[in-house]
*Asks:* 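The structure under discussion is supplied below as C-alpha cells; questions concerning it will follow.
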Amino acid sequence: MEWCRACRIFRGEPDKSGLLNLFDYHEYEEFGQFHSELQFVFEFLRYSGERDLMEKKLQEHREQYEELSSQAKVLLARLTNMKKIPGIAEKEFERGEFSMCKAFEDMREEGKMEGKAEGKIEGRAEERENGIRSALNIVKGFSGSKEQGISALIKEYKLSRELAMEKVALYW
C-alpha cells in the first residue's frame with residue numbers, strides 16, 4: 001500500500017481534498033515512518049550526494065539494501081542518474097540484478113581511482129611547469145636573453161614557439 005501511495009504522489013494525483021500530495025525526501029533525516037522498501041529508496045535518494053552519510057546508512061541497513069527488489073534498484077539507478085556500475089553487465093544493470101551495497105562500494109572505489117589518476121596528471125603538469133620555470137631562471141641567472149630562454153624551452157620541453165614565448169612572458 002505504501003508503494004502505491006508513493007506512486008500516486010509521484011504521479012501527482014490529487015487526494016480527496018483536491019490538493020496535490022508532495023513528499024520531499026530532502027526535508028527528512030529518517031524514514032522510519034515507511035515500513036516497506038520505500039524507506040530505503042527515500043533514504044538512498046536523500047543521502048546519495050553525501051558519500052560518508054550514505055556509506056553509514058548502507059552499513060546500518062546493509063541487509064535491507066541487499067534485499068531491495070529489482071524494481072527499487074532500477075528506480076534508484078534512474079533517479080540517481082547511474083549510468084553503469086563497475087563489474088556489472090549492462091543487461092544485469094537494466095534488470096536491477098546487482099547488490100546496492102557492492103555497487104556503491106565499487107563506484108566509490110572507481111571514484112578514488114579516477115581521483116588518483118587525475119592527481120597524477122595534475123602533479124605531472126605542475127612538475128613540468130616547475131621545470132620550465134627553473135630552466136628560465138637558470139638561463140636568466142647566466143645572463144641569458146629571453147630569446148635564449150625561448151630556444152631552451154623549445155629544445156628541452158618540445159614546446160611550440162608560441163607557447164615558449166607565453167612561458168617566457170609569464171615566468172621571466
*Asks:* Please round to the nearest 0.5 Å and tell me the distance separating atom CE of Met54 and atom CG of Leu45.
*Replies:* 9.0 Å

*Asks:* Atom CG in Leu38, atom CD in Gln33: separation rounded to 0.5 Å?
*Replies:* 9.0 Å

*Asks:* Does the ring centre of Phe93 sit less than 6.0 Å away from the ring centre of Phe98?
*Replies:*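 That pair passes the under 6.0 Å test.
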
*Asks:* Do Glu43 and Tyr28 have side-chain atoms, one donor and one acceptor, less than 3.5 Å apart?
*Replies:* no

*Asks:* Surrounding CD of Gln59 (heavy atoms of other residues, nucleotides or ligands, distance under 6.0 Å), is the total greater than 12?
*Replies:*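 Counting neighbours around CD of Gln59, more than 12 heavy atoms of other residues, nucleotides or ligands fall under 6.0 Å, so yes.
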
*Asks:* Do Tyr65 side-chain atoms and Phe40 backbone N/O form a donor-acceptor pair below 3.5 Å?
*Replies:* yes

*Asks:* Rounded to the nearest 0.5 Å, what's the gap from CG on Leu58 to OG on Ser48? Could you check?
*Replies:* 10.5 Å

*Asks:* Output yes when Glu147 and Arg161 qualify as a salt bridge under the 4.0 Å nitrogen-oxygen rule, no when they do not.
*Replies:*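 Yes, this pair counts.
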
*Asks:* Between the side chains of Ser69 and Glu37, is a donor N or O closer than 3.5 angstrom to an acceptor N or O?
*Replies:*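 On atom types as modelled, these side chains qualify, holding a pair under 3.5 Å.
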
*Asks:* Which heavy atom in Ile150 sits nearest to a heavy atom in Met165, and how many Å separate them?
*Replies:*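 Heavy-atom minimum between the residues: CD1-CG, 3.5 Å.
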
*Asks:* Nearest 0.5 Å, please: how far is OG in Ser99 from CD1 in Ile88?
*Replies:* 8.0 Å

*Asks:* Just wondering, more than 12 heavy atoms not from Lys140 lying within 6.0 Å of its NZ?
*Replies:* yes

*Asks:* Taking Arg133 for the side chain and Lys167 for the main chain, is one N or O donor matched with an acceptor at less than 3.5 Å?
*Replies:*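 Checked: no pair found.
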
*Asks:* Counting only heavy atoms not in Asp52 (residues, nucleotides, ligands), do more than 12 fall under 6.0 Å from its CG?
*Replies:* no

*Asks:* Roughly how far, to the nearest 0.5 Å, is the OH atom of Tyr171 from the OG atom of Ser134?
*Replies:* 10.5 Å

*Asks:* Determine yes or no for a side-chain-to-main-chain donor-acceptor pair under 3.5 angstrom, with Tyr47 supplying the side chain and Glu29 the backbone.
*Replies:*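 Yes, because the side chain of Tyr47 sits within donor-acceptor range (under 3.5 Å) of the backbone of Glu29.
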
*Asks:* What pair of heavy atoms forms the shortest contact from Leu153 to Ala135, and how long is it?
*Replies:* CD2-CB, 4.4 Å

*Asks:* Taking NZ, NE, NH1 and NH2 as the nitrogens, is one of them in Lys57 or Glu30 under 4.0 Å from a carboxylate oxygen of the other?
*Replies:*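 Salt bridge flag = yes for Glu30 with Lys57.
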
